[in-house]
Amino acid sequence: GLLKNARHDWDGAEVMYKRALELDPKDVGTLCNYGTLLHDVRKRYDEAEAVYKQALEVDPKDSATLCNYGLLLKNVRKDHDGAEF
């Protein structure tokens with residue numbers, strides 16, 4: 001997934017993230033990166049939020065997911081209070 005991200009092969013990256021999550025649906029790094037792809041590149045905010053929440057269910061203290069989800073809440077949802085969780 002990350003290599004395809006680096007090559008800007010967004011379709012390929014999304015396929016790889018989904019495939020990786022089929023193998024390990026609780027991989028927080030994959031969930032966070034997939035959420036970021038959905039959020040920053042695809043602009044599919046509802047899906048990104050669901051993926052970030054899934055990652056935080058696995059590890060509520062994952063700093064990368066907390067940061068990225070906070071940015072979605074602040075910049076997209078305009079939920080400044082929620083972004084400060």
K.L.:
Would one find more than 12 heavy atoms of other residues, nucleotides or ligands at under 6.0 Å from atom NZ of K61?
P.N.:
no

K.L.:
Where does the angle between the aromatic ring planes of H39 and Y45 fall among parallel (under 30°), tilted (30 to 60°) and perpendicular (over 60°)?
P.N.:
perpendicular

K.L.:
Taking all non-hydrogen atoms of both residues, which atom of G35 and which atom of A48 are closest, and how far apart?
P.N.:
O-CB, 3.5 Å

K.L.:
Begin with the C-alpha distance, continue with both residues' side-chain angles, and end with the deciding distance and a verdict on side chain to side chain contact (heavy atoms under 4.5 Å, CB included) for L72 and K74.
P.N.:
CA-CA 6 Å; L72 182 139; K74 178 179 171 262; over 6 Å; no

K.L.:
What's the separation between atom CG in L21 and atom OG1 in T30, rounded to the nearest 0.5 Å?
P.N.:
5.5 Å

K.L.:
Drop me the distance from N68's CG to Y52's OH, to the nearest 0.5 angstrom.
P.N.:
4.0 Å

K.L.:
Grab the two heavy atoms, one from C32 and one from A55, that are nearest each other, plus how far apart they are.
P.N.:
N-CB, 4.5 Å

K.L.:
Show the numbers, then the answer: is there a side chain to side chain contact (heavy atoms under 4.5 Å, CB included) between L56 and L66?
P.N.:
CA-CA 8 Å; L56 291 172; L66 287 168; 3.8 Å; yes

K.L.:
Any salt bridge linking R19 with E14? Criterion: basic side-chain nitrogen under 4.0 Å from a carboxylate oxygen.
P.N.:
no

K.L.:
Taking all non-hydrogen atoms of both residues into account, name the closest pair between G12 and D9 and its distance.
P.N.:
N-OD1, 2.9 Å

K.L.:
Treating Ile, Leu, Val, Met, Phe, Trp and Tyr as nodes and any side-chain heavy-atom pair under 4.5 angstrom as an edge, say whether L31 and V15 lie in one connected cluster.
P.N.:
no

K.L.:
Any salt bridge linking K26 with E57? Criterion: basic side-chain nitrogen under 4.0 Å from a carboxylate oxygen.
P.N.:
no

K.L.:
Just how far is it from atom CG of D62 to atom CG of D59, taken to the nearest 0.5 Å?
P.N.:
5.0 Å

K.L.:
Which residue is it: N33, L38, T36? I am looking for the one with a side chain to side chain contact (heavy atoms under 4.5 Å, CB included) to Y17.
P.N.:
N33

K.L.:
Ion pair present between R42 and E47, side-chain N to carboxylate O less than 4.0 angstrom?
P.N.:
no

